[in-house]
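For reference, the structure discussed in these notes is given below.
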Amino acid sequence: MLSSALLENPLRQGLSSGRVAPPCSLVIYGASGDLTARKLVPALFELYEKHLLPVSFNLIGISRSAISDEDFRKKLKEALLQSKPQVSDAIWNSFSQNFHYHAGGYDDFKVYQALAVKLNELDEKNGTVGNRIFYLSTPPNVFEEIISNLGAAGLAKEEKGFSRVVIEKPFGHDLDSAKELNQKVREVFKENQIYRIDHYLGKETVQNFLVMRFANSIFEPIWDRRYVDHIQITASEDLGVGTRAGYYESSGILRDMFQNHLFQVMCLMAMEPPVIFEANAIRDEKLKILQAIRPFDEQTVRTHAIRGQYGPGFLAGQKVPGYRQEAGVDPQSITPTYAAIKIFLDTWRWHGVPFFLRSAKRLPKRTTEAAIQFKEPPNLLFKNNMTELSPNVLIIRIQPDEGITLKFETKVPGMSMEARTVNMDFRYGTSFAEGTSEAYERLLLDCMLGDATLFIRGDETEAAWAALMPVLNLWETTQPEGTFPNYEAGSWGPAEADEMMEKPWRKWRKL
Ligand code: BG6
């Protein structure tokens, strides 16, 4: 039986509290875009099926495209049926009965006034009691315009119910623009009304970092510089830039994956235990990690940060073009599609322990994981009897095949003293009947519930930009050394990334 102290533990309470969302209206800006059809509406549907979506719920889509309510619903339905072909007309109609669409320019104040009237009407009609979420899924160049118009139309006020704004990435293009955006948003919304989204934080396995570390007693005592040799975080993708060249050319892998997703995973791996399971306590600890990143100088950017770009190659037996040959990409582009970075955190716990982060497009497969490699035993008793011992590694697989593996040495049965590495494995797929939820499902629900734990606070986003700026600045103002593109699509990236591991026992994991 669990002790009463454990049952009263805030971590337990936070995990098990009732989670049905209150009545509310969700207004999506950029509603005719891909994210609404591919991610947001399917996530809302999952919540609906699990009875977590409130019965009183309105969705209002806003975009520039002039389409009717009917066409808007039709498009969403078609997209949902791709992943859920079994959804009947009756279920769809009941789910989408309060879905509306409003065409209009983001700079047109009349659209915001009309929205305010419409929301009041819907509150009366459907009992949504003045609770509103404004979801910005537009290109970032209109974020500020939408936010100041929402403010001017009185929509940020929390008179009857709550008013929250969800801001998609990218949050700024660099430190200065992120600061400016933070300032503009805070002129209209208070920090506790602002939900900066990072969909990695909605991933089940990423949330499990907190439970694994702080709901068990066996990991924390060895989770520091005394036992850990280094940490590797990898997010590899087989896809190329696809149809997103316009965005990617001015973004590149550091802005797209490191400033947000990889840094957040690193924070959850590295942070100190918060004193309470509460949004600001957790975000305070993550912020300390971002602030503890040892600043890069020109020299360390050259030795601790490796950039790459994919050339033509083969993936799954198919010939694929290089980045510079993709539609919309400058044929001379130096935008990185690969980066590997060695980071030191200047904290008591992690002094001298390198964190190796890598992410890229067009690697052989899609895998995201964090791996902790432990130091070798202090006294190698078996060194004369055995060939080579492998280090212990704890691997947290974020996707696919979500789970945790511990690699350790064991004796091979027989007369000799031979050791071999074996795995102790936990797989979500086999341990739980229920599959893991989609990130957006969890994040939308949390926002409706007013739980900002899995959203990024303004100071975190600025600290992440501040840490990356020296690398971005040097990479954007200097040509890459040697040949560029420097890795073939379908390979594991440039060889230089191996050199920054320095020690013979440190190698990028083969995934
Ligand atoms: C997005 C990036 O934030 O994350 C994409 O913009 C990337 O370039 C994607 O492909 C990866 O997310 P996931 O959930 O597929 O790992």
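Every number for a ligand or one of its atoms is a count from 1 in the order of the listing.
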Of the protein's non-hydrogen atoms, which lies at the shortest distance from [atom], and what is that distance?
atom                    : value
atom 11 (C) of ligand 1 : E237 OE1, 3.8 Å
atom 12 (O) of ligand 1 : H199 NE2, 3.1 Å
atom 14 (O) of ligand 1 : K203 NZ, 2.6 Å
atom 6 (O) of ligand 1  : D256 OD1, 2.6 Å

With a cut-off of under 6.0 Å to the ring centre and 45° to the axis, is K169 in cation-pi contact with F171?
no
Note: Y248, heavy atoms under 4.0 Å from ligand 1, region reported as neither
In terms of relative ring orientation, are W223 and F219 parallel, tilted or perpendicular, with 30° and 60° separating the classes?
perpendicular
Quick check on contacts: which atoms of ligand 1 are under 4.0 angstrom from a heavy atom of [X]?
X    : answer
K169 : 1 (C), 2 (C), 3 (O), 6 (O)
K361 : 5 (C), 7 (C), 8 (O), 10 (O)
R366 : 13 (P), 14 (O), 15 (O), 16 (O)

Exercise: identify the closest heavy-atom pair between R506 and P354:
NH1-CG, 3.6 Å
Any idea which heavy atoms bring Q232 and K507 closest together, and the distance?
NE2-O, 2.7 Å
Applying the salt bridge (Lys or Arg N to Asp or Glu O under 4.0 Å) test to R196, which of E462, E460, E191, E168 qualifies?
E191
Would K39 and D34 pass as an ion pair if we require N to O under 4.0 Å?
no
Got a salt bridge between E476 and R307, using NZ or NE/NH1/NH2 to carboxylate O under 4.0 Å?
no
Consider every N or O of Q399 and every N or O of ligand 1, then say whether any pair is closer than 3.5 Å.
yes
